[in-house]
Amino acid sequence: MADSTNALPNNEAPQRAARAEDDTRYDPSPVEQKWAALWETDPARYAPEPINCGKPKYYVVEMLPYPSGALHMGHVRNYAIGDALARYMWMSGHNVLHPMGWDSFGLPAENAAIKNKRQPKEWTLNNIAAMKAQMKRLGFSYDWSREVTTCLPEYYRWNQWFFLKLYEKGLAYRKKSKVNWCPECATVLANEQVVDGCCWRHEDTQVELRELEQWSLRITDYSDELLQGLDSMEGWPEKVRTMQRNWIGRSEGTNVDFTLADGTKAKITVFTTRVDTIYGATSVQLAPQHPLVKELIGSDAVRQASLNEMLADQKRARENGEIGSMEKKGFFTGHYAVNPYNGEQVPIWVGNYILMDYGTGAIMSVPAHDERDFEFAQKYGIAIRGVIKPDGVAEMPELPFCADEGASVSDGGPFTGLSCTEAQKQMSAFAEKNGFGKATVTFRLKDWGISRQRYWGTPIPFIYCDGCGMLPVPEDQLPVLLPENVEITLAGGSPLTRVKEFYEVACPKCGKTARRESDTMDTFVDSSWYFYRYTSPINTAPFDSEVANYWFPMDQYIGGVEHAILHLMYSRFWTKFMRDLGLVKNDEPAERLFTQGMVIKNGAKMSKSLGNVVSPDDMVARYGADATRLYTLFAAPPDRDLDWQDQGVEGVYRFLSRLYRFITENPVKLSAGEATAYDPSTLTPAARNVLRKLHQTIQRITGDFQGRWHFNTSVAAMMELLNACMASPELWTADSATPKAFRADVQRKMVLLLSPFAPYLAAELWTVLGEDANTLLRHPWPVADAALAKEDEVEIVVQFNGKLRQRLTVPHDADDETVKQTALADEKIKEGLTGKQIVKVIVVKNKLVNIVIKG
RNA sequence: GCCGGGAUGGCGAAAUUGGCAGACGCAGCGGACUUAAAAUCCGCAGGAACGAAAGUUCUGUGGGGGUUCAAGUCCCCCUCCCGGCACCA
């Protein structure tokens with residue numbers, strides 16, 4: 001998925017300093033490479049079982065990367081979370097699908113082509129190979145047989161197929177729309193490539209807005225469903241849902257027609273959410289681009305000049321991203337409009353703060369009850385008339401007064417006295433009844449413009465014939481292949497417009513020479529449905545519906561919050577469209593969404609320019625894949641930003657090293673038939689202590705997987721368990737009196753708990769324990785025994801008025817009265833109580849006794 | 001401006017339901033091993049004051065107020081930081 005982080009080329013990975021002979025530390029490289037090579041020979045290792053296997057399914061997807069050339073730490077973190085989850089789900093008896101792919105169309109490939117004279121395809125496929133090798137070295141459990149590479153015809157032909165279906169359903173259409181155009185590059189720029197209004201490659205060149213014929217998808221047909229669906233998506237972060245709600249921007253209001261006072265038949269329709277204030281309207285404001293403006297100002301040279309200046313100003317501000325902070329400007333058109341509610345004539349102005357692409361491009365201006373209108377009216381001396389008041393207040397409050405809750409109409413003809421919200425309803429109904437307006441819902445969400453004047457993307461399957469017009473490419477002629485070995489230059493426009501073999505085509509209807517569409521699709525099309533393709537990458541359809549219906553919705557989708565709006569909105573839309581086509585049954589793509597935090601260093605996002613980038617290859621070479629992954633989980637909860645500290649990796653490496661030593665020094669192997677059961681009540685207190693800690697650790701880690709995913713505490717729990725084991729070294733030696741079955745039990749469960757987080761070391765240690773490492777992935781997850789996890793005794797605190805005074809050890813779950821008496825009998829407590837009066841004693845089981853005293 | 005999220009030791013963080021603040025780790029300090037270092041192991045460790053020490057007392061979760069026997073956690077007000085949106089009528 002396109003993201004803004006620049007990936008770095010592979011640095012030379014520095015090797016770890018030569019090891020001293022007596023260095024007993026775990027050396028991960030040979031171990032990890034051994035297992036990686038072994039796993040490579042078993043490609044079906046991470047394949048799911050058939051859809052009728054009877055196990056509960058679990059479909060987990062991490063957002064696919066853009067193949068920039070190298071993984072960065074953000075990727076590692078994202079995939080480490082998904083991989084731990086996938087492995088836990090396998091061990092918990094699920095049928096797991098855990099795939100990976102490449103969001104491999106897009107601009108960087110073209111830029112690399114210009115810079116290095118390499119073909120985008122070659123550059124991209126090389127990057128994929130390099131990054132795939134990195135992923136394999138990191139030990140992620142992907143089923144590579146389902147790999148999706150969006151830039152290959154096997155995939156993008158289905159983008160084209162979907163496009164034809166969208167067109168058939170009336171959901172794809174062509175219209176003029178504005179694009180960012182760099183005159184120097186003579187091509188279109190993506191929004192991200194516009195920096196402070198200038199081209200990212202030509203810092204002194206202002207980007208222009210050009211109108212071009214563009215293909216759009218009618219995502220707005222689903223506005224209401226996209227909005228309402230959010231309410232029930234409890235598995236998605238509230239933050240993402242809120243961002244999407246704001247983006248959709250549904251607002252209920254009223255369209256009201258103002259007629260022109262000069263009697264011409266033209267009318268101006270305004271959109272307002274506050275029709276209750278319409279008796280306070282003192283002007284009508286039109287957007288400068290409003291179609292009526294030219295007509296109204298006619299040949300008036302002064303007003304024409306004002307309009308042109310305003311358009312230029314607005315364009316400049318839009319390009320500089322300063323729209324919104326612009327000074328409000330406007331001019332009177334010389335015409336008047338009639339307010340249909342009271343027949344009043346109000347002046348028609350053109351205002352630079354009116355947006356043509358929202359609502360109707362025209363508003364009624366009520367300065368008394370709208371801050372923007374107020375500012376404008378003050379500047380130009382337009383009348384300000386208050387018509388609503390807060391309830392229970394006699395005087396008109398200081399203006400502007402904008403609330404509608406707890407306020408009523410004070411000057412609204414027949415509607416006077418109604419609450420504002422009631423007036424809105426009745427006045428809308430009144431307009432509708434009298435034919436000059438109606439209640440209207442307006443959305444901020446716009447249709448999705450998908451045309452890109454670019455080479456490296458999916459060709460849009462259309463043909464333009466002079467005689468027959470615009471024609472879709474017949475389905476049996478798909479895919480429209482992207483030509484290879486095309487010269488990519490800055491010469492202007494899409495490179496495809498210079499490839500005759502591509503654009504010159506016989507019209508499918510009349511057979512005469514026609515022209516192919518040379519625009520390609522936005523790469524967000526690719527990422528809108530790729531996770532369906534994973535379920536069944538077949539050649540006769542985008543995917544097999546039966547298989548997709550088994551796996552969907554995704555149980556868990558994991559990625560960066562930067563995709564909260566675009567990608568996640570588009571893919572929701574695509575799912576609904578596919579559902580309406582009958583391809584899938586689910587309404588939403590993902591049951592649960594998780595957005596992980598960024599990886600930062602020294603308080604800033606890792607970036608080349610700040611020189612604070614940590615290369616995963618470097619970390620893997622020094623500390624191993626396990627330690628690198630484990631650190632990304634340990635350093636912070638996954639949903640928060642992670643502040644990278646090199647010393648921290650060292651710490652988790654030391655933990656793995658200690659664990660390796662702990663098990664390899666006294667591995668307990670069991671021969672066939674040897675007892676695995678033991679009686680916990682016969683254990684020494686030290687051994688019982690370890691056993692208790694073991695079961696507490698199972699509880700904590702299992703709870704983290706099932707609950708809030710705070711894997712940092714999972715890792716901490718494993719460290720505590722190891723510390724507890726190593727605190728009693730005498731338990732583990734071969735000549736120890738401790739039952740062998742106990743030692744075997746503890747060691748095996750430790751390895752099982754480790755395996756979702758550090759799969760290489762887990763495989764190695766499982767082998768050291770005489771087990772078959774191939775069984776680990778689907779070995780049942782250990783089950784905590786609550787009785788064994790329970791403490792026999794607990795330390796409680798005794799407080800005076802909430803202040804700690806004494807610590808006591810009492811039996812677990814001792815009854816409150818006993819604990820109270822124990823506390824009161826304590827010497828130190830008795831001493832502290834002399835001369836005081838006990839008001840109350842509060843006992844909290846297994847926690848504390850609080851004695852409320854006075855005097 | 002609006003909507004989110006956040007602020008806890010020197011640092012990353014923990015405290016899951018209002019109940020011992022600082023688990024775990026990093027860095028630090030002291031010790032063992034070593035000719036020495038690295039590695040490893042053991043121990044100490046929020047701050048302040050007192051004490052030779054064991055320890056004792058006070059104080060402490062961005063700031064101010066409140067609820068409660070008890071507040072990092074709940075309520076009200078404020079400050080700062082991060083992210084998103086921003087003339088959306």
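To find a chain, count down the sequence lines: A is the first, B the second, and so on, and within it residues start at 1.
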Requested in this report: Taking only the side-chain nitrogens and oxygens of A/N712, find out if one of them lies under 4.0 Å from OP1 or OP2 of B/rA14.
Outcome: yes
Query - Which residues share a ring pair (Phe, Tyr, Trp, His ring centres under 6.0 Å) with A/F800, sequence neighbours left out - result: none
**Report entry** Pairing annotation in dot-bracket form, given for RNA chain B with Watson-Crick or G-U pairs under 3.5 Å and | for cross-strand partners
**Finding:** (((((((..(((......[....))).(((((.......))))).(((((....)))))..(((((..]....))))))))))))....
Requested in this report: Please confirm whether A/F594 and A/W236 have ring centers closer than 6.0 angstrom.
Outcome: no
Report task. For A/F443, report the nucleic acid contact type (base, sugar-phosphate, nothing); a contact means any heavy atom under 4.0 Å. Result -> nothing
Query raised in the report: Would B/rG9 be called syn or anti, given that syn covers angles within 90° of 0?
Result: syn
Query raised in the report: A/V852 near the nucleic acid: base, sugar-phosphate alone, or nothing, with a heavy-atom cut-off under 4.0 Å?
Result: sugar-phosphate
Requested in this report: State yes or no: are the ring centers of A/W644 and A/Y631 separated by less than 6.0 Å?
Outcome: yes
Query raised in the report: Reckon A/G651 touches a base, only the sugar-phosphate, or nothing at all at heavy-atom distances under 4.0 Å?
Result: sugar-phosphate
Report task. Would you check if the distance from the ring center of A/F634 to the ring center of A/F655 is below 6.0 Å? Result -> no
Query raised in the report: Taking the six-membered ring of A/Y353 as reference, does the NZ or CZ atom of A/K328 fall below 6.0 Å from its centre and within a 45° cone about the axis?
Result: yes
Query raised in the report: Hey, does A/R245 reach any base, or is it just sugar-phosphate, or nothing, if we go heavy atoms under 4.0 Å?
Result: nothing
